[in-house]
Amino acid sequence: MVRYHVDELYGAEVVTSLDTDAYDALGAVEAVTGKVVYPRAVQQQHWFRVIDEAGSIHEFLLDENLQIVDFAK
């Protein structure tokens, strides 16, 4: 596992920061958010920046249009 630094941003402002251990950057941000995320391909105000030990930067988005379906009903 590798140590990752995860920043949650709104625009250019960092609102939270956490460090976590994961096998990859995607796993790090999913561990922090508890949600499915996608690589950041479009500009969106709410996003996550993940920096690994080597200094590589990865950017991710939450699927904020994702609708949760309760199959227990």
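Residue numbers start at 1 and run along the sequence shown.
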Undergrad: Ala22 and Gly27: which non-hydrogen atoms are nearest, and at how many Å?
TA: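 What the structure gives for the nearest pair is CB-C, 3.9 Å.
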Undergrad: Do Thr20 and Val6 make a side-chain contact, defined as non-hydrogen atoms from C-beta onward lying under 4.5 Å apart?
TA: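 They are in side-chain contact.
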Undergrad: What pairs of residues pass the salt bridge (Lys or Arg N to Asp or Glu O under 4.0 Å) test when at least one of them lies in residues 4-16, not counting sequence neighbours?
TA: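 Output for this query lists Asp7-Arg49.
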Undergrad: Check whether any side-chain heavy atom of Leu26 lies under 4.5 Å from a side-chain heavy atom of Phe60, and answer yes or no.
TA: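 Result yes, sub-4.5 Å side-chain heavy-atom pair found.
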Undergrad: Do you reckon Val14 sits in the same ILVMFWY cluster as Trp47, going by side-chain contacts under 4.5 Å, direct or chained?
TA: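 Val14 clusters together with Trp47.
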Undergrad: Taking atom CD of Gln44 and atom OH of Tyr10, what is their separation to the nearest 0.5 Å?
TA: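 It comes to 9.5 Å.
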Undergrad: If a pair satisfies salt bridge (Lys or Arg N to Asp or Glu O under 4.0 Å) and one of its residues is in residues 19-39, list it, with sequence neighbours excluded.
TA: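 Matches after skipping sequence neighbours: Arg3-Asp21.
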Undergrad: Can you spot which of Ile51, Val50, Val32 makes a side-chain contact (heavy atoms from CB on, under 4.5 Å) with Tyr4?
TA: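 The option that passes is Val50.
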Undergrad: Distance check, rounded to the nearest 0.5 Å: Gln43 atom CD versus Leu61 atom CG?
TA: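 Between Gln43 CD and Leu61 CG, I get 9.0 Å after rounding to 0.5 Å.
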Undergrad: Would you give the length of the straight line joining atom CZ of Phe48 to atom CD of Glu59, rounded to the nearest 0.5 angstrom?
TA: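 Going from the CZ atom of Phe48 to the CD atom of Glu59 covers 12.5 Å.
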Undergrad: Are the side chain of Ser56 and the backbone N or O of Asp52 linked by a donor-acceptor pair below 3.5 Å?
TA: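 Looks like no, no N/O pair under 3.5 Å.
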Undergrad: Spell out, yes or no, whether Val2 and Val37 are grouped together once hydrophobic residues are joined by side-chain heavy atoms under 4.5 Å, including indirect joins.
TA: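 Yes, Val2 connects to Val37 through the hydrophobic network.
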